[in-house]
Amino acid sequence: MLTPGADCLSIDNEASLTEVKAAVGNGSTDGQRATVSVLFESDPAGVREAVRTCVREGGDSPRGFVVATGCSLPTETPFANIDAMVRAVDEIGWPPHLTGASA
């Protein structure tokens with residue numbers, strides 16, 4: 001998928017970020033967790049942990065990493081969970097700093 005010159009590869013939440021990162025090589029990846037089971041059904045603490053897991057698995061991609069929601073969110077997704085995702089990304093920063101981050 002990167003052969004035509006794509007700058008970033010967006011993957012499904014079921015794919016292993018570790019395996020995709022190895023296959024992509026120097027491309028950047030877009031990682032996400034299940035939008036329904038995490039962002040819709042979880043709480044802010046669960047969302048923050050899911051973000052940290054994504055970054056642990058894919059955050060050292062050579063050309064970058066994007067924490068994403070996937071294709072869409074259920075309209076009833078709690079705003080507190082969306083806010084928790086954005087805040088976790090801000091707290092982790094770039095390059096990622098997982099130790100000491102309260103995300």
Side-chain angles (χ1 to χ4, degrees):
M1 291 175 68
L2 293 172
T3 301
D7 291 324
C8 182
L9 179 62
S10 179
I11 61 166
D12 186 79
N13 64 286
E14 297 296 321
S16 161
L17 290 174
T18 304
E19 291 176 17
V20 170
K21 181 179 61 177
V24 168
N26 288 331
S28 78
T29 54
D30 166 335
Q32 57 219 17
R33 289 290 166 220
T35 57
V36 173
S37 64
V38 175
L39 286 167
F40 180 64
E41 296 175 348
S42 189
D43 59 13
V47 171
R48 285 190 300 273
E49 185 53 38
V51 169
R52 291 176 64 81
T53 299
C54 276
V55 173
R56 269 188 220 104
E57 293 175 5
D60 61 348
S61 292
R63 290 189 51 208
F65 181 75
V66 178
V67 174
T69 61
C71 295
S72 65
L73 290 173
T75 56
E76 298 86 10
T77 300
F79 289 129
N81 288 355
I82 297 168
D83 185 61
M85 179 179 144
V86 172
R87 287 179 185 270
V89 169
D90 284 344
E91 291 170 359
I92 292 168
W94 187 260
H97 301 286
L98 287 168
T99 54
S102 60

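This one's a predicted model, so the numbers in the text were calculated from it and none came from an experiment.
- Taking the salt bridge (charged side-chain N to carboxylate O under 4.0 Å, His left out) definition, one finds that D83 meets it with R87, sequence neighbours left out.
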Let me check something: any side-chain donor-acceptor pairs from residues 38-45 under 3.5 Å, sequence neighbours excluded? List them with distances.
unit_1, atom_1, unit_2, atom_2, d
D43, OD1, A45, N, 3.3
D43, OD1, G46, N, 2.8

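- Residues A88 and R48 come closest through the heavy atom pair CB-CG, 4.1 Å.
- Residues V86 and I92 fall into different hydrophobic clusters, defined by Ile, Leu, Val, Met, Phe, Trp and Tyr side chains chained together at heavy-atom separations under 4.5 Å.
- One distance of note links CG of L73 with CE of M85; it measures 7.5 Å at 0.5 Å rounding.
- The nearest pair of heavy atoms linking R52 to L98 is NH2-O, 2.9 Å.
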